[in-house]
Amino acid sequence: MTMENEGSLLSVRRIYYRGKLNSCNYTCSYCPFGKKSHPTSTTQDKQAWNRFITAIEQWKGESLQLFIIPYGEALIHRYYREGIMQLAALPQVAGISCQTNLSFPADEWLDELRATPALRGKIKIWASFHPEMTSVEKFVRQLHTLHNAAIQVCAGAVGNPSVKNTLADLRDALMPDIYLFINAMQGLKSPLSDEDIRFFTQLDNLFKYDLRNAPAQWENCSGGRSACFIDWKGDIFACPRSKVKIGNLYQSQKTGQNQKLDTSLPCQRKVCDCYIAFSNLTNHPLHDILGKGTFWRIPDKSLITAVFFDVDGTLTDVQGKVPESYANTLRYMAQSVPLYLATSLSMEQARRKLGKTLFSLFKGGAFADGGLLLYDGQNRCLPVELLPDVNGESAKITAYSYEGQVYKYSMLVYEKEQRENILSQLKAKPYQVFYKPPLITVVHKEAGKKKGVLHICKVLAFPLEQVLIVGNSQKDWEMMSAVPHSCAVMNSEPFLKEHARYTLNPDRLPAFFRFRK
Ligand code: SF4
Ligand code: SF4
């Protein structure tokens with residue numbers, strides 16, 4: 001941004017636009033715009049839209065991201081679809097999205113777009129699912145048609161507890177790499193139950209942000225600075241929730257001058273009470289997760305070329321089983337990215353926990369806290385050479401070995417006194433000892449999950465900035481902190497959730513990352 005543009009209209013890089021439209025072809029029971037017919041306002045809406053397009057064509061400022069957020073359904077009107085193509089074709093427009101109920105003729109639009117394939121990369125869709133008005137099947141078919149044509153999409157629905165099963169069906173029917181968001185339902189007679197919150201959080205791991213909203217923070221808001229909302233008259237506001245006018249788009253066109261935006265008055269709201277508001281807060285955690293796609297609610301997916309998973313509590317649930325949705329996602333991910341394990345379990349234990357078929361999806365990993373590394377047909381075993389003179393009578397000792405070398409001992413010792421005795425004997429030797437009564441585990445002193453993961457990444461030339469590590473415990477943080485893409489699962493220890501960059505469950509990863517072998 002040039003200094004002369006600072007604080008002016010030309011410093012804006014993201015614009016929300018809402019026209020005069022206030023009608024929709026759907027009749028959702030809670031919505032004031034359903035099936036209203038307003039021929040005059042549609043005419044005015046079209047005029048306003050064309051005026052907006054002309055202003056953007058003449059835009060002299062920063063490269064723009066645009067987002068059309070109509071009251072009602074815009075894309076059923078040809079002039080909106082054509083206008084979006086016109087805007088996307090402009091070099092100063094980096095991307096453009098539109099909120100829609102997805103009832104417009106997507107195939108027809110794609111045919112029109114086929115002549116200009118470059119535009120498809122710039123056009124995005126925020127598709128809202130309305131279970132009262134359409135079926136999962138129909139909605140998903142439309143969305144997949146757009147997604148498969150390289151249009152970036154996100155899907156969303158209101159978290160209505162009475163349609164939980166339908167929303168679960170929607171999540172299951174959508175391709176795993178499409179982000180489904182759940183908006184907290186307004187006007188509920190009683191607050192959501194813990195079970196409902198858990199349910200919606202499972203569908204949308206970012207649900208808590210919508211549930212909480214955010215206190216308005218004018219000092220941390222990009223509204224009126226790098227982002228703004230413009231209505232059909234051209235009036236400019238910091239965001240779609242602010243009622244404080246700070247300028248007018250067409251004023252500067254008239255005067256030919258670079259208009260200063262008046263941000264001296266705060267927006268006067270106490271709460272940024274919807275996604276389109278709180279996503280403007282520059283300090284919101286969403287930016288770390290969705291990156292540049294925060295504006296459109298479509299994850300800007302980082303490229304990942306290797307994924308490491310801890311096992312216990314990360315891939316397995318409280319019963320020690322891998323949930324079906326995780327298993328399906330692992331199968332899906334394994335087609336496009338090499339998967340590895342990074343676990344304190346021995347290889348045999350990991351295989352038993354995951355089951356043979358699931359285990360075979362992994363190309364190896366760091367087992368026994370790095371005591372054994374297996375990767376692409378190679379191995380590195382750090383043998384535990386000496387075992388103290390442990391009285392075996394009441395201690396159940398298991399030795400885990402690879403090609404004849406023991407890389408891990410585990411001892412189940414139920415008597416406290418005996419445990420302490422063993423621990424003090426182990427202290428005298430250069431072992432690495434993990435202790436969680438009644439279990440004592442011994443591995444080589446040089447072993448470590450972090451060292452193991454780094455070794456594998458180095459040998460296989462995985463750039464660390466393209467490595468994703470997923471864990472659940474504070475102990476996992478050491479290895480996770482070695483890469484920029486660290487992910488805690490939703491039921492992780494609080495420390496890990498605070499420190500990891502992402503908090504996402506394994507079955508949601510394809511929606512947030514781009515995988516490549
Ligand atoms: S699809 Fe959206 S705008 Fe249309 S009636 Fe339903 S909630 Fe209202
Ligand atoms: S309500 Fe809008 S303008 Fe006000 S702080 Fe929140 S995002 Fe910014």
Side-chain angles (χ1 to χ4, degrees), residues 12 14-16 18-38 41-42 45 67-77 80 98-104 125-135 138-139 142-143 155-160 163 181-183 185-187 209-210 212-231 235-247 261-287 294-295 297:
V12 164
R14 295 180 302 283
I15 296 177
Y16 304 94
R18 180 177 294 140
K20 182 109 170 76
L21 190 77
N22 62 354
S23 59
C24 182
N25 55 332
Y26 279 5
T27 50
C28 302
S29 50
Y30 54 87
C31 175
F33 309 115
K35 276 264 159 73
K36 272 194 194 168
S37 176
H38 290 279
S41 68
T42 306
D45 180 54
F67 196 176
I68 317 306
I69 51 167
Y71 278 153
E73 177 56 35
L75 292 186
I76 49 170
H77 302 288
Y80 269 107
C98 183
Q99 290 180 324
T100 171
N101 62 22
L102 222 49
S103 61
F104 67 96
I125 289 291
W126 162 313
S128 302
F129 174 64
H130 300 280
E132 285 179 72
M133 302 305 305
T134 188
S135 66
K138 207 169 155 199
F139 179 84
Q142 280 275 90
L143 197 63
V158 172
N160 180 350
V163 295
F181 63 80
I182 302 292
N183 278 344
M185 190 168 180
Q186 308 297 320
Y209 298 122
D210 208 82
R212 265 191 224 148
N213 289 319
Q217 302 157 54
W218 187 235
E219 64 289 1
N220 293 318
C221 177
S222 55
R225 290 87 166 187
S226 58
C228 72
F229 167 66
I230 299 181
D231 73 7
D235 285 343
I236 303 174
F237 303 83
C239 89
R241 305 300 290 154
S242 170
K243 297 276 178 272
V244 180
K245 184 178 158 183
I246 56 173
L261 294 178
D262 181 7
T263 50
S264 57
L265 282 177
C267 69
Q268 296 182 359
R269 292 195 71 93
K270 290 200 167 59
V271 179
C272 308
D273 61 355
C274 69
Y275 180 90
I276 285 180
F278 61 71
S279 58
N280 280 297
L281 299 177
T282 52
N283 57 354
H284 199 285
L286 278 173
H287 298 286
T294 308
F295 178 58
R297 216 172 186 174

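Values reported hereafter were calculated over all heavy atoms of this structure, with side chains retained and with hydrogens, waters and symmetry mates removed. We count ligands from 1, going down the list as the structure has it; atoms in each ligand are counted the same way.
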Side-chain donor or acceptor of T100 paired with backbone N/O of A127 under 3.5 Å: no
Flag, side chain of R269 to backbone of R241, donor-acceptor distance under 3.5 Å: yes
Spatial distance of atom SG (C272) from atom CG (N280) [nearest 0.5 Å]: 8.0 Å
Residue pair S242 / Q268, side-chain donor-acceptor N/O under 3.5 Å: no
Cation-aromatic face contact R18/Y71, 6.0 Å, 45 degrees: yes
CD1-CG distance between I125 and L143, expressed to the nearest 0.5 angstrom: 9.0 Å
Protein-derived N, O or S atoms lying under 2.8 Å from atom 8 (Fe) of ligand 2, waters excluded: 1
Neighbouring protein N, O or S atoms of atom 4 (Fe) of ligand 1 [cut-off: under 2.8 Å, no waters]: C24 SG
H284 side, atom NE2; S279 side, atom OG - distance, nearest 0.5 Å: 8.0 Å
is_close_aromatic(F295, Y16), centroid dist under 6.0 Å: yes
Ring geometry between H130 and Y26 (parallel below 30°, tilted from 30 to 60°, perpendicular above 60°): perpendicular
